[in-house]
Amino acid sequence: MADTISSPDDFPEGMKGGKAIRGALNVAGGLVPFAGGLISAAASTWGEHEQDRMNEFFRHWIEMLRAEMEEKQRTIVEIMQRVDLRDEDIARRIESPEFQSLLRKSFRDWAGAESEDKRGFVKNVLSNAAVTSLCSDDVVRLFLDWIKNLSELHLLVIGKFYNQNGLTRREVWERLGRSPVREDSADADLFRLLIRDLSTGGIIRQHRQTDYHGNFMKKPAQKPRPGAASNVHKSAFDDGDSYELTALGNQFVHYAMTDVPIKLSYNPESEGVSP
């Protein structure tokens with residue numbers, strides 16, 4: 001049975017780079033079950049050149065972890081700048097197990113926020129979740145999943161509907177700044193996929209009329225006009241049907257794409273916080 005590691009301090013003390021490896025695992029906040037046997041085998045069979053390469057790998061890994069921790073710390077500071085802790089309700093919300101659970105989830109999913117834009121969306125969602133109860137925490141978790149799983153282009157398309165519902169596919173494509181392409185091109189297939197993902201995901205839908213009670217009205221049946229039939233499929237860039245954000249999509253835009261104003265600013269020269 002292969003050796004396992006029960007603690008970061010179990011790495012061979014005499015191995016070159018052992019301290020760096022133990023430090024990397026401590027920064028990572030977890031243990032690697034098979035690492036003990038791997039490192040022990042490496043110490044006994046690798047030459048100095050191979051061990052130097054491994055040390056270099058762990059140096060890069062530590063730098064990556066340090067950069068990730070700095071991003072998380074910066075995000076927490078930016079969130080705290082945007083909440084008024086003098087408000088008792090907000091202070092209780094920040095300290096609640098429910099909000100702490102949202103923080104833990106967002107940082108567990110941090111690898112999905114691979115860009116500065118996504119990091120900003122996570123910051124906005126958490127800031128808004130701290131100061132408003134428009135959405136339940138279950139919905140906020142869904143928003144964090146969307147930020148993690150949707151591509152940058154998905155989120156860019158959602159942003160085009162911000163304060164501008166009722167866009168056709170062609171209008172969305174043009175607002176993305178894209179040039180016309182063939183219907184059988186990869187770009188057209190990608191755009192169909194984006195619209196389908198956002199539609200089936202409950203973020204956008206085709207515009208529907210509602211009655212006084214909010215019930216969706218069925219479209220009246222249209223009789224086909226003579227000579228109106230077409231022998232081609234509907235365009236990926238159709239300019240007839242308009243799309244709009246769903247109620248859930250509207251809340252996502254409000255939480256993720258609306259920046260909470262800064263309440264506190266830090267002045268490092270005076271070592272104080274000014275309102």
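For D137, the side chain to side chain donor-acceptor pair (under 3.5 Å) criterion is met by R93, not counting sequence neighbours. A search for side chain to side chain contact (heavy atoms under 4.5 Å, CB included) contacts involving D184 returns R182, not counting sequence neighbours. With sequence neighbours excluded, no residue satisfies side chain to side chain donor-acceptor pair (under 3.5 Å) with D87. Taking the side chain to side chain contact (heavy atoms under 4.5 Å, CB included) definition, one finds that L248 meets it with V139, L142, F143, W146, T246, Q251, sequence neighbours left out. Qualifying salt bridge (charged side-chain N to carboxylate O under 4.0 Å, His left out) partners for R169, counting only residues two or more places apart in sequence or in other chains: none. Every residue meeting the side chain to side chain contact (heavy atoms under 4.5 Å, CB included) condition with E171, not counting sequence neighbours, appears here in chain and number order: L167, T168, D239. The salt bridge (charged side-chain N to carboxylate O under 4.0 Å, His left out) search around K72 returns E68, not counting sequence neighbours. Residues passing the salt bridge (charged side-chain N to carboxylate O under 4.0 Å, His left out) test with E63, sequence neighbours excluded: R66. For D117, the side chain to side chain donor-acceptor pair (under 3.5 Å) criterion is met by no residue, not counting sequence neighbours.
For the atom pair NZ of K105 and CG of D145, the computed distance is 3.5 Å after rounding to the nearest 0.5 Å. The OG atom of S106 sits 6.5 Å away from atom CD1 of I79, with the distance rounded to the nearest 0.5 Å. In this structure, CG in L150 is found 10.0 Å from CD in E152, a value given to the nearest 0.5 Å. Remark: F99 CZ to R92 CZ distance equals 15.0 Å, nearest 0.5 Å. Rounding to the nearest 0.5 Å places OG of S242 at 15.0 Å from CZ of R170. Put simply, CG on D89 and CG on D84 are 11.0 Å apart, with the number rounded to the nearest 0.5 Å.
Under the 4.5 Å side-chain contact rule for hydrophobic residues, L176 and I204 share a cluster. Residues L156 and L193 are members of separate hydrophobic clusters, defined by side-chain heavy-atom contacts under 4.5 angstrom among Ile, Leu, Val, Met, Phe, Trp and Tyr.
Proximity of a side-chain donor or acceptor of Q81 to a complementary backbone N or O of I76 within less than 3.5 Å is not detected. Checking side-chain atoms of K118 against main-chain N and O of I147 turns up a donor-acceptor pair under 3.5 Å. Distance alone, capped at 3.5 Å, places no donor-acceptor pair between the S101 side chain and the P97 backbone.
Two residues are said to be in side-chain contact when any heavy atoms from C-beta on lie closer than 4.5 Å; F161 and V172 meet this criterion. Taking 4.5 Å as the limit, some side-chain heavy atom of I158 sits within range of a side-chain heavy atom of F252.
The shortest heavy-atom contact between E116 and R74 is OE1-NH2, 4.2 Å. Nearest heavy-atom pair across A236 and A188 is CB-O, 4.0 Å.
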For residues 120-130, which side-chain donor-acceptor pairs fall under 3.5 Å, sequence neighbours excluded?
from	atom 1	to	atom 2	distance (Å)
N124	ND2	G120	O	3.4
N124	ND2	A256	O	3.0
S127	OG	K123	O	2.8
N128	ND2	N124	O	2.9
N128	ND2	Y255	O	2.9
N128	ND2	T258	O	3.1

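For the pair D138 and R141, the salt-bridge criterion is met [side-chain N within less than 4.0 Å of a carboxylate O].
Legend: side chain to side chain donor-acceptor pair (under 3.5 Å) pairs involving residues 187-203, not counting sequence neighbours, sorted by first then second residue: H154-D197, E183-R192, D189-R192. Every pair passing ring pair (Phe, Tyr, Trp, His ring centres under 6.0 Å) that includes a residue from residues 167-201 is listed here, sequence neighbours excluded: W173-F191, W173-F237, F191-F237.
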*Dump the intermediate steps for side chain to side chain contact (heavy atoms under 4.5 Å, CB included) on L190 and L153, then the final yes or no.*
CA-CA 10 Å; L190 174 61; L153 191 52; 3.9 Å; yes
